[in-house]
2 protein chains.
Amino acid sequence: MKQNKVPKATLQRYPIYLKALRKLHHMGVERIMSRELGNFVDIESTTIRRDFSFIGSLGKQGYGYDVASLIEVFNGQLGVNFDEKLILVGAGNLGRALMNYNRWNHVVGEIVCAFDTDNDKIGSLSEVPVYHLRDLKQYLPEGCRIAILTVSGNAQETVDLLIESGIVGIVNFTHEHIQAPKGVIIRTVDVVSTIQELIFQVNNF
Amino acid sequence: MKQNKVPKATLQRYPIYLKALRKLHHMGVERIMSRELGNFVDIESTTIRRDFSFIGSLGKQGYGYDVASLIEVFNGQLGVNFDEKLILVGAGNLGRALMNYNRWNHVVGEIVCAFDTDNDKIGSLSEVPVYHLRDLKQYLPEGCRIAILTVSGNAQETVDLLIESGIVGIVNFTHEHIQAPKGVIIRTVDVVSTIQELIFQVNNF
DNA sequence: AAACATTTGTGATATGATGTACAAGGGTGA
DNA sequence: TCACCCTTGTACATCATATCACAAATGTTT
């Protein structure tokens, strides 16, 4: 990384670029210009160029960017190893749906195992073993940093336990607001709030 | 609405406030000050006061805000009727999980019906009827504005159809990037991208 | 090989969001 | 009723992000 001060806003766009580049690569596109990519993902070309510049000089003037090597750089420099080990905490409806939705294999990694407090859920659902949450420390995969939280209660308590066990990133699918110390990143994906926001926006025009 | 230029960032925080206020109300809290609310949701009190001020003068100096009437105002002014009619497009794993996850009843509204193109999925799964997508216009509920998209393919095509039928807000659970004309709001909730972003962030420190 | 046409990468600038400071005004208690 | 205390709402300052404009560098054409 050229500088270690990549803006938050930029960081949020990297996954979008990566997604688009993979698709373009799959479509057989070998080189692309910031303008084209911009049209593709609805982001100004100049924003794209600046975002890229935080990683380094990835393009060539008068030519554009090489798709394949750009993907390479993104993966390498940003630390996407395709076998990121993920755990799922909460094996209810949503949790099980996410287990089966294995779209992320070979893209980010895989859900190694799941945890729940309900004894009925312990066992093996759909290839992914489910352990009791009390055995977290025992079964937490080596090097696992990221947890997907889909519990239906005691969210904060569960989060505290996860952090204590070394988790540093949590995707929170709960409707609860949870707190975490600096250094731990929580990203809340709340369907209810998302829909509310949509309602606010469509009413605001 | 006092002004019709509510900043995007503010609009994104309204659901957070509403969520917190409901919880506080449920806990029996009758009045709250911006400082307290700020601690509760991890947002600076001054940001909260400014956000509120876009709607009007909702508080009293030296006193704070009345929780019940604040919720009232949010619901009313921002147009949350608790019976927003939602449709679900795509009745696969994730779609079915969302149908069963009826946490949004009496909070935003309800999923009235679902659509899919797979004949095996047509029928009644879990109280919510599933129709064939080709019958969208026939079964689209009166006044329905928002769709939840969980299809596994042909995302853009499906979105075009939805927009043509009058949908103005879409929660996109697909990994696809979709485009829409001005006036239609797309909010993408992509688990894969979210996890990637987390990886980028934790690697960046 | 030289001139031209492109497109990158980045200073400079504009826009948007957040944080500070405080005047204005309602609540509270004597 | 009066004086004090507290919290709101907002003008102003700061910080972050997006956009503009263009020099530098490369591919392409003649």
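So that the names make sense, note that chain A is the first sequence line, chain B the second, and so on, each numbered from 1.
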Whole angstrom value for the distance that separates [atom2] of [N] from [atom1] of [X]:
X: A:Y63; N: C:dG9; atom1: OH; atom2: P; result: 13 Å
X: A:L58; N: C:dG9; atom1: CG; atom2: P; result: 6 Å
X: B:K60; N: C:dG27; atom1: NZ; atom2: C1'; result: 9 Å
X: A:Q61; N: D:dA21; atom1: CD; atom2: C1'; result: 15 Å
X: A:K5; N: D:dC15; atom1: NZ; atom2: C1'; result: 13 Å
X: A:Q12; N: D:dT17; atom1: CD; atom2: P; result: 9 Å
X: B:E44; N: C:dA21; atom1: CD; atom2: C1'; result: 14 Å
X: A:D51; N: D:dT19; atom1: CG; atom2: C1'; result: 13 Å

Reckon [X] has a side-chain N or O less than 4.0 Å from the OP1 or OP2 of [N]?
X: B:R49; N: D:dG9; result: no
X: A:R50; N: D:dC20; result: no
X: A:Y65; N: C:dG9; result: yes
X: A:T47; N: D:dT19; result: yes

State, to 0.1 Å, how close B:R96 and B:A91 come at their nearest heavy-atom pair, and which atoms those are. NH1-O, 3.0 Å

Looking only at heavy atoms, what is the nearest atom pair of A:I71 and A:H25, with distance?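 Answer, listing the atom of A:I71 first, then A:H25: CD1-CB, 3.7 Å.
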
Tell me what [X] touches on the nucleic acid: a base, only sugar-phosphate, or nothing, going by heavy atoms under 4.0 Å.
X: A:F52; result: nothing
X: A:S34; result: sugar-phosphate
X: A:T46; result: base

Checking A:T174 against A:N172: is there a side-chain donor and acceptor pair closer than 3.5 Å? yes

Reference residue A:S34; test side chain to side chain donor-acceptor pair (under 3.5 Å); the match among A:E44, A:R50, A:R49: A:R49

Can you tell which of D:dA18, C:dG25, D:dA25 lies closest to the side chain of A:R13?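 Of the candidates, D:dA18 comes closest.
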
Measure distances between side-chain N and O atoms of A:R31 and base N and O atoms of D:dG27, and say whether any donor-acceptor pair falls under 3.5 Å. no

Got more than 12 heavy atoms from elsewhere within 6.0 Å of CD, B:Q156? yes

